[in-house]
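First up is the structure itself, then whatever we jot down about it.
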Amino acid sequence: MADARYDPQEIEPRWQEVWARERTWEVPNDPTAAGDSSYVLEMLPYPSGEPHIGHLKVYSVGDAIAHFHRRTGRRVLHPMGYDAFGLPAENHAIKTGRHPRESTDAAIVEFQRQFRRWGISIDWSREFGTHEPRVYRWTQWIFLELFKRGLAYQKEAAVNWDPVEETVLANEQVVDGRGERSGALVELRQLTQWFFAITRYADRLLADLDTIHWPEHVKTMQRNWIGRSQGAEVIFGCQSLGVDYPVFTTRPDTLFGATFFVMAPEHPDVLRLAAGTGNEGAVRDYVNRALAADTQERGDVLKPKTGVALGRTVTNPVNGEELPMYVADYVLMEYGTGAIMAVPAHDERDFAFAAAHGLEIRRVVEDPDGDGELPYTGDGPLTRCGPEFDGTPNREALPEIVAWLEREAKGRASVNYRLRDWLISRQRYWGTPIPIIHCPRCGAVPVPEDDLPVLLPDVADYKPRGRSPLAAAEDWVHVACPACGGPADRETDTMDTFVDSSWYFLRYCDAANDEAAWDQAAIDQWMPVDQYIGGVEHAILHLLYARFITKALADSGLLPAHVQEPFADLFTQGMILRDGEKMSKSRGNVVSPQTIVDRYGADTARAYILFIGPPDQDADWSDTGVEGVHRFLGRLWRMASELAAAAGGPDEPPPADHGGPDLELLRKAHWAIAKVTYDLDGRFSFNTAIAAVMELLGVASRLRDETSPGARRFATATAASLIFPFAPHLGAEAYHLLTGRRVWEEPWPVADPAMLERDTFELVCQINGKLRDRVEAPSSAGPDELEALCRAAPNIQARLDGQTLVKAIVVPGKLVNLVVR
RNA sequence: GCCCGGGUGGCGGAACGGCAUACGCGGCCGACUUAAAAUCGGCUGUCCGCAAGGGCAUGUGGGUUCGAGUCCCACCCCGGGCACCA
């Protein structure tokens, strides 16, 4: 055995085979089962090519948690599936002509193979891909449920068109005016599209953030995205045309400071207002230029404030003043009413516009301790607002002004959101067909539930040409209207793939159900997800949509009432970098999990990725760092196999003589148990947990020749048991070698408090807060005794000569600090 | 501009207001070996000193405290998010 080597390529398949044969990680739905249940879920992978290092990280984190939950007595649901619809497979199909189903299914096979090879403890009985008809049937069913309640609706609107992907995109998928995937500048197009009415849930999506345990920065991003603003809608009448224009403002307290009025170039009334005023030509030119500019250029905050006068006025309802009207591109049609009252003294944008166009700037809020500089956006007493309000602090006056507007029917309290309804139609092939039939007589008619799924037809040409490729499948498109039986056409758009991933976690609870999307009892047993794990890049898109769909389904009575949120706890992992940069093929710095697993085994790959640093932070991959973890696992294996081969069977009792090195080693083992348990219990501190097991093994190795085999056996088996969540094959192997038992069937070890206490400790002796000496002190010693021990310490004594002791700070069990002068 | 993170050895990182630098990497020295690999052991913040020992170090500057990487104030740098949202 002396030359035996740690051979993960032999060990790992052996245990994987046991887990597969015995279906170890399958967990049936059993409402009568004793004990707590736990639903541990990592964000489902998009199957393309093969898994990358980020997948290895997310499943290493999730699996460690799943194992820890199991061994601390919980029944754990830990399933796997694939977000199988989407653009990359389809773009690949356009290039090669190969059906997206083929490349997707091939990728899924590769993902399955690698996940098994990594030894992730997955309940494979619940596996599915969102592209399977048995699954997307229910995606369509959910669409129809939303349609019934008016939450799925069609409307014509200015939408984001990605000219490269040739499809519309949701607001959330446009970043800095560019398509999230393609990077192409998006264009605004006026189109009729399907939307989900997520804005109706804006308030609850905001409020319920307080009920979930998510990282604060993710909650903040969602709050910002929803962008709730409280204020008032105020009506400004244009008397010359006899039209009222409401505006939204968060500062009705500044109404008396309004000196002009601005409309967005897209506002439908702009040309009508300018007509016949002499400004018509200038307005027309301005509007045309504004509409032609791309969204990025238009959105530049630093761009000078441009605009032209409309040649008309509106009346300020609070004081009857006539305010000149302008059109300017800093006002957005899509927020509020597309028109604003401008208060240049107290708004930076209005100030910039007024300065550029020579307009009046009228201060109405005083700056209590300022230098009188404008614009001033802070609070203070009102001025120039008439006797009723002058001198009143603006925040107090605000509700009074709103109340006055309501009494006069010139306005009302109002709330606005940044959030827009979720545009879910895509003019693309590889997605869930929208189950609607358009009938010239009956309008948009839902496909009857019994006719679901609406199967995705095969087409010859996947390329979108400004319309969905499905439109070419004419046999499929032309159907009889379910309502009147007359000739009708199917909806040819497919759904955004984020719809699929907004409910997949519900399906895992009852994945084999062919009668319904799920049985409520199954949902009741598992939901909400106790621990969700994934990348922070989904902080808005997926995580907001999933919350919305969950709430919408709960409101329809399709989920138990207590399921208001999908993910009770969220952990966002950082990225794995190489040389400080993202891994990418173009940079040529990609580390493939396959290569690492081939060379070192899955346990090394998994343990290293958790050891590299705090998992919520980005971490730089290091080739030599992997070697270090591999060496450590090899040491653990070697110690276990040497002890197993040596005299003394697995049932040898723990050493009776708890003294000397044996005691030291046993104490270290219990310390490690306490440390790893603390680190895993909701803290995700995997790096320090693994370091603790390394320390335990280091002590066992250092005391190799002085300790009894029983003590070493206990220490090594403990190390195996503690490392199991991070390196399951080796943990199982080493534990089995030493005890003949299966570590995953063992309860998580519990530290013996008596073993964590010591008779003596090292007393830190300080003078004026500086460490000067250390002495051994009895744990039972009182403050006086500790102070005396400290003063007697050699390095302390020498320094006390000629000094006056002012006072002594004694922290029992830790230190004594002598304050001297 | 606003809102979050984060700045600690040569590197990744550790540290309930109480021994800064755990653990790992790298480096140096040694053991084993004919040799190498593998493995094992020791040293490794920095400066002064033969040594004992001491000075200085957690982005910068202040403060609170017996004691600050940790708390407070101001600032600098890096990363991320939001950004003409009225």
I need the [atom1]-[atom2] distance between [X] and [N], as an integer number of Å.
X	N	atom1	atom2	answer
A:Asp620	B:C25	CG	P	17 Å
A:Arg631	B:C40	CZ	P	8 Å
A:Ile690	B:A14	CD1	P	13 Å
A:Asn817	B:G17	CG	P	18 Å
A:Asn224	B:G1	CG	C1'	14 Å
A:Asp705	B:C40	CG	P	14 Å
A:Asp350	B:A86	CG	P	12 Å
A:Glu627	B:G24	CD	P	15 Å

Looking at every strand, decide which applies to [X] at a 4.0 Å heavy-atom threshold: base, sugar-phosphate, or nothing.
X	value
A:Ile612	sugar-phosphate
A:Gly628	sugar-phosphate
A:Val811	base
A:Asn687	sugar-phosphate
A:Arg704	nothing
A:Glu348	nothing
A:Glu216	nothing
A:Val806	nothing

Discussion item. Between A:Tyr678 and A:Leu332, which residue's closest nucleotide on RNA chain B lies nearer the 5′ terminus?
Written reply: A:Tyr678
Worksheet entry | Residue whose closest nucleotide on RNA chain B lies nearer the 5' end, A:Leu815 versus A:Phe248 | A:Leu815
Worksheet item: Would A:Phe684 and A:Phe571 count as a close aromatic pair, with their ring centres under 6.0 Å?
Response: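 They qualify: ring centres under 6.0 Å apart.
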Worksheet item: Is the centre of the A:Tyr330 ring less than 6.0 Å from the centre of the A:Phe353 ring?
Response: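 Aromatic pair counts; centres sit under 6.0 Å.
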Assess whether a salt bridge exists between [X] and [Y], defined as any Lys/Arg side-chain N lying under 4.0 Å from an Asp/Glu carboxylate O.
X	Y	answer
A:Asp773	A:Arg791	no
A:Arg228	A:Asp203	yes
A:Lys219	A:Asp210	no
A:Asp7	A:Arg5	no

Phosphate oxygens OP1/OP2 of [N]: is one of them under 4.0 Å from a side-chain N or O of [X]?
X	N	value
A:Thr688	B:A22	no
A:Lys770	B:C56	yes
A:Asn768	B:G67	no
A:Arg772	B:G54	yes
A:Arg223	B:C3	no
A:Arg418	B:A83	yes

Taking the same atom, [atom1], in [N] and in [M], what whole-Å distance lies between them?
N	M	atom1	answer
B:C71	B:U64	C1'	8 Å
B:U39	B:C48	C1'	39 Å
B:G61	B:A52	P	32 Å
B:G7	B:U70	P	11 Å
B:A35	B:A31	C1'	15 Å
B:C50	B:A36	P	36 Å
B:G24	B:G30	P	22 Å
B:C56	B:U8	C1'	15 Å

Who pairs with [X] by side-chain contact (heavy atoms from CB on, under 4.5 Å), at least two apart in sequence or on another chain?
X	answer
A:Ala751	A:His670, A:Ile673, A:Ala674, A:Leu756
A:Pro375	A:Glu348, A:Phe351
A:Phe761	A:Leu763, A:Ala777, A:Ser779, A:Leu786

Worksheet item: Pairs counted as Watson-Crick or G-U wobble with both distances under 3.5 Å: what dot-bracket string results for RNA chain B, using | for bases tied to another strand?
Response: (((((((..(((.....[....)))((((((.......))))))((((....))))..(((((..]....))))))))))))....
Selected nucleotide, minimal atom distance to [X] side chain, candidates [options]:
X	options	answer
A:Arg799	B:G54, B:U39, B:A86	B:G54
A:Thr249	B:C66, B:A86, B:G24	B:A86
A:Gln617	B:C23, B:G13, B:C25	B:G13

Worksheet item: Hey, are A:Thr306 and A:Tyr286 close enough side-chain-wise for a donor-acceptor pair under 3.5 Å?
Response: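 Side chains of A:Tyr286 and A:Thr306: pair found under 3.5 Å.
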Fill in: All salt bridge (Lys or Arg N to Asp or Glu O under 4.0 Å) counterparts of A:Glu180, not counting sequence neighbours
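A:Glu180: no salt bridge (Lys or Arg N to Asp or Glu O under 4.0 Å) contacts found.
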Item to complete: Take the angle between the ring planes of A:Phe261 and A:Phe236 and call it parallel below 30°, perpendicular above 60°, tilted in between.
Response: tilted
Worksheet item: Which class fits the ring pair A:Trp637 and A:Tyr6: parallel under 30°, tilted 30 to 60°, perpendicular over 60°?
Response: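 Correct class here is tilted.
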When you compare the protein's N or O atoms with those of nucleotides 41-47 of chain B, which come within less than 3.5 Å of each other, and at what distance?
unit_1: B:G41; atom_1: OP1; unit_2: A:Ser701; atom_2: OG; d: 3.2

Worksheet item: Since syn is defined as within 90° of 0, does B:G61 count as syn or as anti?
Response: anti
